[in-house]
Amino acid sequence: MTIAALRPLLANEAFLQLVRYGIGGLGVTLFAAGVYLLFAAVLHVPPLIANTISTAFGVGIGYLVHSRWSFRAEPGREGAMITKFVVASAIAFALNSFWVWLATHAWGLPVWTPVVATVGVTPFVSFLLFRYWTFAKD
């Protein structure tokens, strides 16, 4: 692929938004996964409680990263965006809790195994919620 072929992509705001979300989201997701592993594997906190703690850490930093950088949300709609972000994050939390329950309780796998789904699946669901609902341009 040549530089000329990339120009249309680099001029497309949706593509740039996806790239920013990927970079910011990866950082937030890895941070939350690190918090989960710290609590679950090192401190031996039960996995579902460790997931709750990691989510609390991730939501705060995630809102700042995604509202300000990934989606470059318009000022003045902060209240609605925060509410929608919390709801979207609750959906992601429920999905991550499902992965943790499935891997550690239903299948009896090691506590690190849900990280595969929490890093590989949940961020894509979150992107769709954030792009088309939470930070959607009206």
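It should be emphasised that the depicted structure is a prediction, and the values quoted were computed from it without experimental measurement.
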Could you pull out every donor-acceptor pair under 3.5 Å between side chains of residues 3-12 and any protein atom, sequence neighbours left out?
from	atom 1	to	atom 2	distance (Å)
Asn12	OD1	Ala14	N	2.8
Asn12	OD1	Phe15	N	3.0

- So, for Val35 and Ser54, which heavy atoms are closest and what is the spacing to 0.1 Å? CG1-CA, 3.6 Å
- Task: Provide the full list of salt bridge (Lys or Arg N to Asp or Glu O under 4.0 Å) pairs with a residue in residues 91-118, sequence neighbours left out, each pair given once.
- Result: none
- Task: Quick one: pull up CZ in Phe135 and CZ in Arg72 and give me the separation to the nearest 0.5 Å.
- Result: 13.5 Å
- Query: Linking I/L/V/M/F/W/Y whenever any side-chain heavy atoms sit under 4.5 Å apart, do Tyr132 and Tyr63 land together?
  - Reply: yes
- To the nearest 0.5 Å, how far apart are CG in Leu128 and OG1 in Thr134? 11.0 Å
- Query: Other than Phe124, which residues form its hydrophobic cluster under the rule that side-chain heavy atoms must be closer than 4.5 Å?
  - Reply: none
- Note on the structure: Residue pairs passing the salt bridge (Lys or Arg N to Asp or Glu O under 4.0 Å) test with at least one member in residues 112-124, sequence neighbours excluded, are none
- side-chain contact (heavy atoms from CB on, under 4.5 Å) involving Ile49 - partner list, sequence neighbours excluded: Val45, Pro46, Ile53
- Where at least one partner belongs to residues 17-47, residue pairs that pass ring pair (Phe, Tyr, Trp, His ring centres under 6.0 Å), sequence neighbours excluded: Tyr21-His66, Tyr21-Phe71, Tyr21-Phe127
- Query: Are Val125 and Trp101 connected, step by step, through hydrophobic side chains (Ile, Leu, Val, Met, Phe, Trp, Tyr) whose heavy atoms are closer than 4.5 Å?
  - Reply: yes
- Considering all heavy atoms of both residues, which atom of Pro110 and which atom of Thr104 are nearest to each other, and what is their separation? O-CG2, 4.1 Å
- How far apart are the closest heavy atoms of Val65 and Gly24, and which atoms are they? CG1-CA, 3.7 Å
- Could you tell me the separation between the CZ atom of Arg77 and the OG atom of Ser67, rounded to the nearest 0.5 Å? 11.0 Å
- Task: Give the cluster check for Phe130 versus Val87: same hydrophobic cluster or not, with ILVMFWY residues linked at side-chain heavy-atom distances below 4.5 Å.
- Result: no
- Task: Indicate, with yes or no, if Ile61 and Phe57 share a hydrophobic cluster defined by side-chain heavy-atom contacts under 4.5 Å among Ile, Leu, Val, Met, Phe, Trp and Tyr.
- Result: yes
Could you list the donor-acceptor pairs under 3.5 angstrom formed by side chains in residues 89-99, with sequence neighbours left out?
from	atom 1	to	atom 2	distance (Å)
Ser89	OG	Phe85	O	2.8
Asn96	OD1	Thr122	OG1	2.7
Ser97	OG	Asn51	ND2	3.0
Ser97	OG	Phe93	O	2.9
Trp99	NE1	Thr122	OG1	3.1

- Which residues satisfy the side-chain hydrogen bond (donor to acceptor under 3.5 Å, both in side chains) test with Arg20, sequence neighbours excluded? Glu13
- Using salt bridge (Lys or Arg N to Asp or Glu O under 4.0 Å) as the criterion, list what pairs up with Arg68, not counting sequence neighbours. Glu78
- Task: Return the set of residues passing side-chain contact (heavy atoms from CB on, under 4.5 Å) with Leu26 (not counting sequence neighbours), or none when no residue passes.
- Result: Leu30
- Given Val100, which of Val115, Thr52, Leu48 fulfils the side-chain contact (heavy atoms from CB on, under 4.5 Å) condition? Leu48
- Query: Do you know which two heavy atoms are closest between Lys137 and Ala73, and how far apart they sit?
  - Reply: NZ-CA, 4.2 Å
- Joint cluster assignment, Leu129 & Leu18, ILVMFWY side-chain distance < 4.5 Å: no
